[in-house]
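Read the structure below first, then the notes.
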Amino acid sequence: MAGSLEGRKAIVTGASSGIGEATAVAFARAGAEVSVGARRKDRLDGLVERISGAGGTAHAFEVDLAAEDAARPFVEEAAEAMGGLDILVNNAGVMLLGPVFGADTGEWRRMIEVNLLGLLYCTHAALPLMAEGGRGHIVNLSSVAGRRAELGGAVYNMAEWGVVGFSDALRQEAVHSNVRVTCGEPGFVETELQGHNENPVVVEAIEKLREQLGDVLTADDIANAIVYAVSQPDHVALNEILIRPAKQQR
C-alpha cells in the first residue's frame, strides 16, 4: 500500500538537518527502520532519540561521505545493524553559489566531493547489498538547478546536472537487479542549504527570491514526496520528482 514502509530498512544521508532529517522521521513514521548518516553526530543522536521516542527504530553514524574509506563502511555497517538494506536516500549536499571568476576553488572541490562523489560511493556500496536482498530503491536528491542553468550557479549546476544524468543511467542499469531509482529535484526549500553561502551578493539574491515566492517548500514537503515514491508497488517506478513552490516559475 502506498505510504507504508513497514519492515523496510533505509539509509538516509545528510540527515542532521533539513530534508534528510525530515525524510528519516517520515520513513520511521511509515514503519521503516532507519540508519542516518552525517558529520554532526550530536544532531543525529537527537534525531534517533526523537524517532525512538515515537516508537521507531533508528541508528546514527557519524560520517564524512566525501571520503570513500568512510562512505563505504558507513553503508555496510548501517545495513548490518538493520539486517539488510531496501532504500538508500542520497541527500547529503552543499550549495555554494557565486561567479566562476575569482571563485574559491576549494568550494568547488567540496561540492563535487559531497554532491557527486559521496553519492557515488554510497550507491556503489549499496547496490550489491540490495541485489542480495532481491530488490531496492535508490533516491538521489538533485535540484531544479539540475534542470536549468542560472547565472552565479555554474559549478552547482554542473554538480546537480551530474546527479540527474547519473540517476537516469543508473535507472537503466539497475532495473536488471530489481532496483528502482528516483531522482528528486526540489525548488526553493527552507533549509540550512542556503546558509552555506557567505557571498553578500548571493545572500541578497536568495533573500530576494524568498520574499518573491512567499510560501516556499518545507523539508516535510520533500520527505512526503520521497515516501510516496518509495512506497509504490514493486511494478511502479516513479523515476523523477520535480517539486517547486507554487509561485516559483523556473
Side-chain angles (χ1 to χ4, degrees), residues 13-14 16-20 38-39 64-68 71 89-124 138-172 181-214 216-219 221-222 225-226 239-250:
T13 71
S16 59
S17 67
I19 294 172
R39 290 183 298 167
D64 183 351
L65 298 173
E68 183 175 7
V89 179
N90 284 310
N91 165 73
V94 293
M95 181 180 72
L96 301 170
L97 305 177
V100 173
F101 184 86
D104 177 355
T105 58
E107 292 187 349
W108 296 354
R109 190 171 301 107
R110 185 62 186 167
M111 276 196 290
I112 298 301
E113 287 176 344
V114 177
N115 299 23
L116 289 177
L117 289 176
L119 180 151
L120 288 171
Y121 297 149
C122 289
T123 300
H124 191 251
I138 295 174
V139 180
N140 296 326
L141 268 295
S142 177
S143 164
V144 292
R147 298 175 63 94
R148 61 173 180 79
E150 190 77 34
L151 175 68
V155 180
Y156 183 61
N157 285 140
M158 179 183 180
E160 300 311 284
W161 283 29
V163 173
V164 173
F166 171 74
S167 297
D168 195 51
L170 178 66
R171 172 188 66 80
Q172 297 172 57
V181 178
T182 299
C183 185
E185 298 154 5
F188 199 118
V189 185
E190 190 66 67
T191 69
E192 294 181 4
L193 194 68
Q194 295 83 19
H196 295 162
N197 294 278
E198 298 180 356
N199 184 315
V201 175
V202 171
V203 172
E204 182 179 354
I206 290 172
E207 289 301 322
K208 183 177 179 180
L209 178 59
R210 182 188 281 107
E211 291 175 7
Q212 291 174 345
L213 295 177
V216 298
L217 298 173
T218 69
D221 294 328
I222 309 305
I226 293 171
N239 301 132
E240 190 173 24
I241 303 173
L242 173 61
I243 177 171
R244 295 184 176 99
K247 293 184 178 181
Q248 184 171 346
Q249 295 179 337
R250 300 181 57 198

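Numbers here are sequence positions counted from 1.
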What heavy-atom pair brings [X] and [Y] nearest, and what distance separates the two atoms?
X	Y	result
Arg148	Arg250	NE-C, 3.0 Å
Val100	Ala154	CG2-CB, 3.8 Å
Asn157	Ala145	ND2-O, 2.9 Å
Trp161	Ala149	CZ2-N, 3.8 Å
Cys122	Leu65	SG-CD2, 3.6 Å
Ile19	Ala219	N-CB, 3.8 Å

Counting only heavy atoms not in Gln249 (residues, nucleotides, ligands), do more than 12 fall under 6.0 Å from its CD?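 Atom CD in Gln249 is not packed in, count stays at 12 or less.
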So, taking the atom named [atom1] in [X] and the one named [atom2] in [Y], what distance separates them when rounded to the nearest 0.5 Å?
X	Y	atom1	atom2	value
Glu190	Leu217	CD	CG	10.0 Å
Cys183	Asp168	SG	CG	8.5 Å
Phe188	Lys247	CZ	NZ	14.5 Å
Arg147	Glu185	CZ	CD	5.0 Å

Ile226 vs Leu141, test: side-chain contact (heavy atoms from CB on, under 4.5 Å). Steps then yes/no. CA-CA 10 Å; Ile226 293 171; Leu141 268 295; 3.9 Å; yes
Would you check if [X] and [Y] make a side-chain contact, meaning some heavy-atom pair closer than 4.5 Å?
X	Y	result
Pro186	Val144	no
Asn239	Thr182	no
Val189	Ile222	yes
Leu116	Val163	yes
Tyr156	Leu96	no

With no hydrogens and no angle check, just 3.5 Å: does a side-chain donor-acceptor pair link Asn90 and Thr123? yes
Indicate whether any N or O donor in one side chain lies under 3.5 Å from an N or O acceptor in the other, for Ser167 and Asn140. yes
Kindly write out the residues that satisfy salt bridge (charged side-chain N to carboxylate O under 4.0 Å, His left out) with Asp104, not counting sequence neighbours, or none if the list is empty. none
Among residues at least two apart in sequence or on other chains, which ones pass salt bridge (charged side-chain N to carboxylate O under 4.0 Å, His left out) with Arg244?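 In terms of salt bridge (charged side-chain N to carboxylate O under 4.0 Å, His left out), with neighbours along the sequence ignored, Arg244 is linked to no residue.
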Distance-only check: which donor-acceptor pairs under 3.5 Å involve side-chain atoms of residues 107-115, not counting sequence neighbours?
{"residue": "Asn115", "atom": "OD1", "partner": "Val94", "partner atom": "N", "Å": "2.9"}
{"residue": "Asn115", "atom": "ND2", "partner": "Val94", "partner atom": "O", "Å": "2.9"}
{"residue": "Asn115", "atom": "ND2", "partner": "Glu160", "partner atom": "OE2", "Å": "3.1"}

Hey, does the side chain of Ser143 reach the backbone of Gly146 with a donor-acceptor pair shorter than 3.5 angstrom? no
Can a donor-acceptor pair be found, under 3.5 Å and without considering hydrogens, that links the side chain of Thr13 to the backbone of Ala92? yes
One pair to check against side-chain contact (heavy atoms from CB on, under 4.5 Å): Phe166 and Leu119. What are the steps and the verdict? CA-CA 10 Å; Phe166 171 74; Leu119 180 151; 3.5 Å; yes
Residues Arg171 and Glu240 bridged, charged N to O under 4.0 Å: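 Looking at Glu240 together with Arg171, the answer is no, because their closest N to O distance does not fall below 4.0 Å.
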Would Leu170 and Ile138 count as a side-chain contact (heavy atoms from CB on, under 4.5 Å) if you check the C-alpha gap in whole Å, the side-chain angles of each, and the deciding distance to 0.1 Å? CA-CA 9 Å; Leu170 178 66; Ile138 295 174; 4.2 Å; yes
